[in-house]
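Comments concern the structure below.
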4 protein chains.
Amino acid sequence: MTNTWEQVRNYVAGKWQDSLAVDRVLVWDPATGERLGNVPMSSSSDVGTAVQAAAKAAPMWRRVPVGERTNFLFKLRELLKQNFEDLSRTITIECGKTLAESQGEVQRAIENVEVACGTPALIQGYNSEDIAVGIDEIMIRQPVGVCAVIAPFNFPAMIPFWFLPYALACGNTVVLKPSERVPFTMQKVFGLIDTIGLPIGVVNLVNGGREAVDALLDHPHVRAVSFVGSSAVARYVYSRAAAAGKRVQCQGGAKNPVVILPDADLTMAGEIVADSAFGCAGQRCLAASFAIAVGEAAEPFTEVIQHRAESRITGYGLEQGVQMGPVITPESKARIETLVDRAVSDGAKLVVDGRNAAIPDYPKGTFVRPTVLANLPIPSDVARTEIFGPVLSINHVDTIDEAIEFVNSGEYGNMACLFTSDGSNARKFRYQVEVGNVGINVGVAAPMAYFPFSGARGSFFGDLHGQGRDAIEFFTQQKVAVERWPKTWSRKF
Amino acid sequence: MTNTWEQVRNYVAGKWQDSLAVDRVLVWDPATGERLGNVPMSSSSDVGTAVQAAAKAAPMWRRVPVGERTNFLFKLRELLKQNFEDLSRTITIECGKTLAESQGEVQRAIENVEVACGTPALIQGYNSEDIAVGIDEIMIRQPVGVCAVIAPFNFPAMIPFWFLPYALACGNTVVLKPSERVPFTMQKVFGLIDTIGLPIGVVNLVNGGREAVDALLDHPHVRAVSFVGSSAVARYVYSRAAAAGKRVQCQGGAKNPVVILPDADLTMAGEIVADSAFGCAGQRCLAASFAIAVGEAAEPFTEVIQHRAESRITGYGLEQGVQMGPVITPESKARIETLVDRAVSDGAKLVVDGRNAAIPDYPKGTFVRPTVLANLPIPSDVARTEIFGPVLSINHVDTIDEAIEFVNSGEYGNMACLFTSDGSNARKFRYQVEVGNVGINVGVAAPMAYFPFSGARGSFFGDLHGQGRDAIEFFTQQKVAVERWPKTWSRKF
Amino acid sequence: MTNTWEQVRNYVAGKWQDSLAVDRVLVWDPATGERLGNVPMSSSSDVGTAVQAAAKAAPMWRRVPVGERTNFLFKLRELLKQNFEDLSRTITIECGKTLAESQGEVQRAIENVEVACGTPALIQGYNSEDIAVGIDEIMIRQPVGVCAVIAPFNFPAMIPFWFLPYALACGNTVVLKPSERVPFTMQKVFGLIDTIGLPIGVVNLVNGGREAVDALLDHPHVRAVSFVGSSAVARYVYSRAAAAGKRVQCQGGAKNPVVILPDADLTMAGEIVADSAFGCAGQRCLAASFAIAVGEAAEPFTEVIQHRAESRITGYGLEQGVQMGPVITPESKARIETLVDRAVSDGAKLVVDGRNAAIPDYPKGTFVRPTVLANLPIPSDVARTEIFGPVLSINHVDTIDEAIEFVNSGEYGNMACLFTSDGSNARKFRYQVEVGNVGINVGVAAPMAYFPFSGARGSFFGDLHGQGRDAIEFFTQQKVAVERWPKTWSRKF
Amino acid sequence: MTNTWEQVRNYVAGKWQDSLAVDRVLVWDPATGERLGNVPMSSSSDVGTAVQAAAKAAPMWRRVPVGERTNFLFKLRELLKQNFEDLSRTITIECGKTLAESQGEVQRAIENVEVACGTPALIQGYNSEDIAVGIDEIMIRQPVGVCAVIAPFNFPAMIPFWFLPYALACGNTVVLKPSERVPFTMQKVFGLIDTIGLPIGVVNLVNGGREAVDALLDHPHVRAVSFVGSSAVARYVYSRAAAAGKRVQCQGGAKNPVVILPDADLTMAGEIVADSAFGCAGQRCLAASFAIAVGEAAEPFTEVIQHRAESRITGYGLEQGVQMGPVITPESKARIETLVDRAVSDGAKLVVDGRNAAIPDYPKGTFVRPTVLANLPIPSDVARTEIFGPVLSINHVDTIDEAIEFVNSGEYGNMACLFTSDGSNARKFRYQVEVGNVGINVGVAAPMAYFPFSGARGSFFGDLHGQGRDAIEFFTQQKVAVERWPKTWSRKF
């Protein structure tokens with residue numbers, strides 16, 4: 001394998017290859033500020049080469065029986081397990097999250113491989129005998145061809161695996177473009193993939209930025225596009241891929257509300273919400289970012305949150321005991337702090353101020369400490385803006401109905417959580433909130449790999465989601481055959 | 001009900017309403033040339049009113065239990081059965097096809113209602129207990145909201161029913177725009193719908209043309225778009241609806257090849273292919289339009305086709321014994337005849353010439369008689385152009401492999417059929433042709449209502465199709481809930 | 001149709017026929033004591049004739065496409081709707097329950113027909129392409145042949161419909177034996193079936209008792225047996241049908257506990273439990289018969305129950321305002337009252353005594369008024385005996401854990417319900433109770449027709465249940481085909 | 001691990017344990033006649049201990065999340081792969097089949113583990129929101145408890161795996177009883193299982209004979225029984241387990257017909273049928289045992305078979321080049337040869353005589369060489385008797401219809417195969433033969449692990465089969481919950 005810690009390479013047609021790109025972008029460890037290496041901004045020509053390799057491999061790969069295709073996934077699972085620690089450390093180093101968070105992420109990636117190992121049962125078509133006398137009909141799921149996966153920086157290992165193992169198991173070939181901010185995790189993963197014996201061209205890795213994305217969206221041989229990123233880019237990708245006639249699924253951003261009722265276990269709720277808001281430094285599309293305390297819940301809940309925010313140990317994710325790492329880039333840190341400034345100037349009370357964090361030994365790290373705002377006036381556009389940092393706003397309303405109205409009034413529809421002990425309230429909330437993922441006494445309602453990773457309104461564009469059965473459906477096209485064998489039947493009737 | 005044979009009206013918010021449009025377009029009986037009435041080119045304002053009505057009805061309709069929603073469909077089925085003859089005659093009058101063809105179409109519409117009656121079982125979500133100790137996960141299918149259905153002229157009754165009954169049964173509200181060339185069938189159908197007691201605004205009918213389509217594609221309250229039409233417009237609709245962030249499925253055009261092997265029953269094959277090519281005057285997206293005779297099949301097959309083409313009785317679809325009606329408009333007739341001219345000038349042999357048809361008693365009818373071309377040089381762009389008229393080209397190749405290569409070389413991927421007695425050839429063909437719907441010894445491989453109406457490459461844009469389970473999936477969004485009830489469990493473990 | 005109110009006949013091979021039986025049993029209206037007619041105790045020879053008719057029809061009926069088979073069910077649904085009142089009155093007259101209860105029952109029967117109308121989508125098999133290179137595999141669901149349905153007295157219309165419509169839609173032929181106590185409802189239903197044009201022998205009705213049952217269980221042409229009745233007979237039927245090598249599903253009896261927590265809405269709980277315990281005079285396999293009040297719930301809950309029991313209007317089910325009818329026979333009344341006697345002598349407190357009921361105008365009716373026992377010592381075997389009458393025992397425990405332990409300690413496992421407002425308790429209960437049907441704040445947890453009618457432990461024998469998908473699976477056998485077409489593939493690889 | 005080659009032990013409650021049985025039965029290598037060890041005839045007391053261990057483990061194992069349960073299977077799969085050769089050799093040594101055949105068997109076992117690894121997706125229940133306003137319904141699949149698996153001698157590794165991995169993944173605990181003739185394979189497998197860390201009592205192994213079987217069938221804690229063996233014992237097990245109220249599935253014997261049409265590739269057909277008939281020395285429930293040659297196929301087909309039978313190298317399965325091993329016991333050899341004697345005396349022509357085989361170096365081996373009979377008169381009861389040895393009868397008929405009639409006239413319904421090139425004939429055969437597993441141009445129509453291992457008529461008793469989805473259904477019981485949370489909804493409507 002290439003030395004992943006210096007120069008990031010592409011993996012095309014079964015080989016590590018240098019991009020033709022002139023532009024290379026530096027990659028930094030966000031905690032230490034160390035330079036980790038550089039990543040090529042692959043050109044549309046690089047992308048073309050990768051897509052060609054994938055297109056060339058597609059007809060042969062499609063003919064490999066599904067049970068043999070999943071055998072590669074069983075192997076990959078073993079390798080991911082064996083390299084669990086190395087992969088986890090890599091994520092922490094390039095992405096900043098704590099080692100425990102990275103481990104959780106790798107575990108999620110593995111679980112998607114496990115579910116995709118079950119593709120032989122999930123990919124089956126259905127059929128009917130005698131739709132008319134002597135005529136049968138059968139629906140067969142066949143691969144769509146070359147699939148592009150475009151992944152974001154915040155889960156360098158997990159998010160590619162919402163798609164990659166399913167696409168492969170279904171007989172497609174894949175070109176994956178990871179985020180240029182965190183290219184090393186996939187360098188490692190492809191180092192493992194390189195050893196499992198997949199036919200040449202079945203999986204390909206192209207590093208880069210917007211040019212590479214556009215090239216994937218426009219290339220006529222790419223038949224399907226899976227994207228996760230901000231809502232603005234998700235809309236763009238959805239629109240551009242569709243304009244090119246492709247099937248496409250785009251997961252966007254979020255501003256996730258959590259609602260706390262007075263009948264909840266408020267200590268537990270506070271702890272869970274703090275973990276949701278500050279875990280992964282708030283850089284999760286399922287991070288809680290707006291807590292709505294109902295009635296008397298406000299005060300005690302805020303106290304727990306404040307305590308949790310203040311006491312959360314922020315630092316280098318590889319160090320023992322650290323509970324939160326840095327945000328991804330200096331630009332990101334600046335943007336988050338500016339949004340906090342704006343919130344304060346718009347009238348929010350600053351309960352815990354995490355700006356201007358100075359972490360001993362890591363002066364170059366892009367740290368933002370846990371930040372808690374209260375009573376942010378709703379007209380403030382910060383109330384609707386995805387901050388993507390460890391910032392939690394707490395507002396207060398009088399009834400669950402007001403809380404639900406607030407949940408449904410925003411642009412996004414990724415997640416909403418409720419804390420309560422009451423079954424009636426839970427059912428009402430689940431029924432009425434217009435989001436894809438609902439949590440009841442849960443802070444991060446991440447669907448298991450055998451469920452779709454859902455999303456609604458401004459948080460998802462398309463119909464079929466990543467993970468599980470949805471992924472199988474997205475990565476196959478249905479062929480329907482109507483068959484009659486006349487000789488026999490003309491004799492019989 | 002309004003007098004449908006004069007002035008076409010919209011049906012909005014439970015009432016027949018006049019469009020605000022100034023433009024009205026005349027509608028003609030294509031066989032008699034009689035004026036049937038006129039249809040409004042509804043404005044975006046008309047569309048807005050209908051979408052608003054649908055949006056207003058959506059929250060309430062969603063709360064009606066699915067078993068009550070399907071009760072409306074059981075009623076509608078009864079009414080469609082009771083009005084079977086009237087609906088069939090209406091189709092023939094405005095669309096031109098024979099009464100038997102119209103009856104077949106209405107039957108297909110009814111079958112879709114029947115399958116949608118089974119929505120309570122098909123809409124169920126799935127769930128897992130203990131994804132982790134004490135935590136459950138559940139996926140619930142909920143309606144998407146307001147759905148737009150945009151239908152073509154060639155199946156005025158059937159195609160709206162690929163979508164409408166499923167959308168309703170899933171708890172959505174609908175705005176349907178039929179083709180402005182055949183508005184009367186839906187006038188009749190909505191006359192029936194008007195009597196079944198659906199809540200106000202649940203279904204809405206807007207007549208019109210491009211302005212109405214664009215208004216539906218752009219309206220922020222429309223959450224899903226289902227379209228059937230030409231590939232060019234399908235691409236446009238797919239792209240524009242996606243640009244507006246909607247889920248969208250678009251069925252396009254076709255140029256359907258049928259392959260005849262020497263081991264087929266050639267008489268049977270000829271009869272079936274003739275019915276496929278000339279039935280509905282060739283105005284079907286599943287019409288055979290290019291026959292590829294392999295080896296010795298060419299001569300005897302062509303003979304049967306020639307005989308069938310010459311002897312097919314063309315005339316007014318309501319008259320007994322008539323086997324083929326007119327094409328839809330004078331423009332269509334002119335276009336078809338020009339394409340035949342071009343084919344001939346490009347080198348095709350004219351086996352049967354159906355141009356300049358004169359049908360006694362129907363001098364104003366836009367008739368084209370069955371036309372058979374042979375040996376059309378493949379470079380001719382007519383070989384790849386959807387003619388959408390009763391024109392069949394017959395070419396000859398030496399092997400099934402060449403035939404499959406031809407099938408896969410075109411732009412479209414709607415249907416391909418094979419005639420053979422040999423199981424090996426059938427399997428090979430089914431496996432290798434890149435089309436959505438495959439027929440084996442079948443001329444019109446139309447999927448039953450409990451199968452997706454598939455389509456591939458240039459014939460379909462999207463992932464989920466119309467009819468059956470696909471329709472249920474398209475017309476629902478998945479909400480995933482992760483639930484923990486901590487009190488109990490903290491006690492137990 | 002035969003005059004159903006005098007002499008009950010069999011319906012065999014498309015004709016109403018007199019049984020050869022010498023024995024006939026009188027049928028009485030349990031409220032008025034009027035003689036309604038008599039029912040033949042069909043001999044094994046009668047059964048043989050019916051099974052032969054069914055066996056003869058089976059090969060042809062299997063070849064009728066499923067979409068045509070369900071067309072008969074759509075017709076039957078219309079007829080059941082049109083005869084809704086007549087059927088409901090018939091049930092009340094022969095079975096005793098109130099008209100509203102009868103109407104509810106007919107509605108449930110219709111819902112099963114509706115779900116079975118969706119069989120074309122539910123009966124589909126599944127398939128895989130290329131299980132090895134060039135080899136395909138397909139699973140096809142085919143009918144099992146002749147199916148026997150043996151039904152109890154308490155739901156003369158509904159319970160046959162848990163099976164009958166599915167068996168038919170799946171292509172089986174059926175011999176149905178209703179309870180000899182309530183033969184008239186099926187006389188009416190078969191009067192309707194007689195008009196829908198089913199081929200001769202597809203459905204057959206045989207009236208009788210044990211001899212008829214045994215003949216069905218032993219007959220080699222009967223391939224599947226569906227039974228609902230007491231657990232003792234269910235065990236017998238399960239064992240004997242299995243000894244004859246048949247597939248078999250048997251729903252047995254119950255002693256259904258309901259648990260009331262102090263955090264429930266106790267008034268609502270009391271009303272719902274009273275309806276569950278006294279509705280249908282307690283003659284439901286989902287009737288609540290043992291209320292376990294936890295902690296402080298006992299007193300207020302008992303008050304509501306007492307009030308409800310005392311005020312429930314008992315009488316002739318056809319009369320307006322009547323809330324409860326008689327039990328089915330004098331023997332049943334005697335048995336119930338004896339059990340109440342025994343409970344009292346075993347130490348139970350008699351809160352409301354419904355014995356020795358005298359209903360004005362109906363001196364011959366077999367009425368038992370609502371009866372409430374408290375603190376029945378658990379060692380009393382009445383605590384574990386299915387009373388099948390309007391008798392509710394209320395006991396008191398201190399914790400939900402004790403309540404669950406009680407639920408799981410009995411022989412039966414049909415239903416258990418919980419009343420609570422707390423989500424944790426609901427989840428714990430649902431998770432831990434070992435019963436087939438669970439209700440949360442529901443008194444009669446009857447699954448909808450698109451769910452299995454479940455049951456566990458001593459309440460169900462078999463694996464696949466009645467209703468919905470389970471019924472489809474039970475009434476089909478799976479044929480798996482592995483196919484290779486070698487000519488093609490030896491050429492390709 | 002215990003020394004498996006001497007004294008077979010039970011594995012109960014996580015420990016290798018000696019049976020209390022006095023009786024021990026010797027186990028021989030059928031090729032060498034060497035004594036391999038002895039196996040205890042465990043008593044009902046031994047069985048009781050194992051069932052108790054399983055029952056004790058059940059409540060805890062059920063609470064382990066399904067994704068953790070399948071992690072044990074992923075581990076087991078790795079171990080089976082790593083011990084592939086050792087397991088294969090063990091099978092050959094105790095069972096006699098060739099090493100290649102043993103390898104094929106272990107591969108099939110592994111494939112079942114792989115499919116069971118996908119249980120998290122396959123075990124999901126289904127659910128409906130708003131079955132009535134504000135009421136939800138959910139079906140949850142829960143384990144059934146203690147499951148017994150009783151396996152035959154002919155596939156010591158594979159057949160236990162039709163059930164075991166699914167039972168475990170579904171949360172059940174298991175007691176497995178292998179055949180007393182081939183106990184060593186499961187000794188090895190349990191040696192591996194012992195290392196994967198399953199909780200104590202989750203899987204248990206009891207060796208023995210009829211007493212152990214009866215004890216399993218009667219034990220009240222055993223909730224489900226899966227059996228594979230002869231039809232006579234299958235009927236017995238089905239009946240006795242049902243009499244004890246358990247769910248039960250029993251796979252029985254077979255007499256599998258293959259039909260050869262003149263249009264088949266007769267050389268290929270002959271080779272495939274010979275492999276089917278003589279592979280595993282004919283000791284497969286899917287072995288071809290009766291070839292029906294139609295029309296002109298008889299002569300050339302018989303020639304190929306004769307050649308194949310005569311040239312098949314019979315010997316010690318561990319030796320390179322050997323194509324067929326011995327039958328399992330001297331009694332089996334004697335029985336087979338007696339049946340051949342009888343066939344000859346009943347009028348069959350002995351085409352190839354495999355009796356009295358003498359294999360150099362293996363004088364004590366229980367070898368029967370490939371034997372081919374022709375024109376066995378159908379009245380001979382040998383024509384309907386399962387021989388379970390390398391004996392193929394070839395008969396001749398004139399039409400496919402006669403052949404199908406023959407297929408359907410026997411007692412068994414396990415498999416039927418057709419050799420043809422014609423699609424019409426294939427469809428007709430697949431449609432009409434009354435067997436569970438159909439092969440088209442395939443000699444051993446063994447369903448993949450993601451399909452049910454089907455069977456019909458005298459070859460299967462029950463409804464749900466082993467393998468795949470069926471196994472998941474068999475090893476779970478459905479709990480249906482109906483839930484209402486009234487506070488919320490009484491407020492809303």
Side-chain angles (χ1 to χ4, degrees), chain C residues 126 128 131 135 137 139-140 144 224 235 238-239 241-249 265 268 421 423 426 430 433 435-442 444-448 450-454 456 458 460-465 469-470 473-474 477-487 490, chain D residues 126 128 131 135 137-140 224 235 238-239 241-249 265 268 421 423 426 430 433 435-442 444-448 450-454 456 458 460-465 469-470 473-474 477-487 490:
Chain C
Y126 46 83
S128 299
I131 56 166
I135 304 183
E137 188 162 346
M139 186 278 282
I140 302 166
V144 295
R235 280 179 189 279
Y238 188 64
S239 172
K246 306 183 195 319
R247 62 173 64 191
V248 50
Q249 55 183 186
D265 177 327
M268 189 198 70
S421 66
R430 192 181 78 184
V433 291
V435 303
N437 306 289
V438 177
I440 303 297
N441 297 308
V442 159
V444 179
M448 297 299 279
Y450 38 100
F451 281 86
F453 199 103
S454 195
F460 179 74
F461 305 98
D463 40 37
L464 296 169
H465 300 272
R469 281 176 181 79
D470 267 45
E473 287 192 62
F474 184 76
Q477 54 185 337
Q478 300 173 75
K479 186 183 276 181
V480 176
V482 181
E483 304 192 349
R484 169 166 54 185
W485 291 101
K487 188 177 66 179
S490 57
Chain D
Y126 46 84
S128 299
I131 56 166
I135 303 183
E137 188 163 347
I138 183 168
M139 186 278 282
I140 301 166
R235 279 180 190 280
Y238 188 63
S239 172
K246 306 182 195 319
R247 60 172 63 191
V248 50
Q249 54 182 188
D265 178 327
M268 187 197 73
S421 66
R430 192 180 79 185
V433 291
V435 304
N437 305 289
V438 178
I440 304 296
N441 297 309
V442 160
V444 179
M448 298 298 280
Y450 38 101
F451 280 87
F453 199 102
S454 195
F460 179 73
F461 304 98
D463 40 36
L464 295 168
H465 300 273
R469 282 176 180 78
D470 267 44
E473 287 192 63
F474 184 77
Q477 54 186 337
Q478 300 173 74
K479 187 183 275 182
V480 176
V482 181
E483 303 193 350
R484 170 165 56 186
W485 291 100
K487 188 176 67 178
S490 58

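Only this structure's heavy atoms are used, side chains among them; waters, hydrogens and symmetry mates stay out. Every value quoted in this text rests on a predicted model; they were computed, and no experiment measured them.
The parts of C:Tyr450 that come within reach of chain D are both its backbone and its side chain, each placing non-hydrogen atoms under 4.5 angstrom from that chain. The parts of C:Met448 that come within reach of chain D are both its backbone and its side chain, each placing non-hydrogen atoms under 4.5 angstrom from that chain. Of the two parts of C:Glu473, only the side chain, counted from C-beta on, holds a non-hydrogen atom closer than 4.5 Å to a non-hydrogen atom of chain D. Heavy atoms of D:Ile138 lying under 4.5 Å from chain C belong to its backbone as well as its side chain. Using a 4.5 Å cut-off between heavy atoms, D:Phe460 does not touch chain C at all. In this structure, chain C has heavy atoms under 4.5 Å from both the backbone and the side chain of D:Glu137. Both the backbone and the side chain of D:Asp463 come within less than 4.5 Å of a heavy atom in chain C. Proximity to chain D is absent for every atom of C:Asp265, based on heavy atoms less than 4.5 angstrom apart. With a 4.5 Å cut-off on non-hydrogen atoms, C:Val435 touches chain D through its backbone but not through its side chain.
The shortest heavy-atom contact between C:Phe451 and D:Ser128 is CE1-OG, 3.3 Å. Contact between D:Val480 and C:Pro452 at its shortest, heavy atoms only, is CG2-O, 3.5 Å. A pairwise comparison of heavy atoms in D:Ala446 and C:Val482 identifies O-CG2, 4.3 Å as the closest pair.
The closest donor-acceptor contact from the side chain of D:Tyr238 to the backbone of C:Lys246 lies under 3.5 Å. A donor-acceptor pair is defined here as one N or O able to donate and one able to accept, closer than 3.5 Å; such a pair exists between the side chain of D:Lys479 and the backbone of C:Arg430.
Put simply, of C:Met139, C:Arg247, C:Arg235, the one with the most heavy-atom pairs under 4.5 Å next to chain D is C:Arg247. Per-residue heavy-atom pair counts under 4.5 Å with chain D were compared for C:Arg469, C:Gln249, C:Met268, and the maximum is reached by C:Arg469. Ranked by heavy-atom pairs under 4.5 Å with chain C, the first of D:Tyr126, D:Phe474, D:Phe461 is D:Tyr126.
Side-chain N/O atoms of D:Asp470 and C:Gln478 include a donor and acceptor closer than 3.5 Å.
When each of D:Ile440, D:Val438, D:Val442, D:Asn441 is tested with C:Glu483 by the rule side chain to side chain contact (heavy atoms under 4.5 Å, CB included), just one qualifies, namely D:Ile440.
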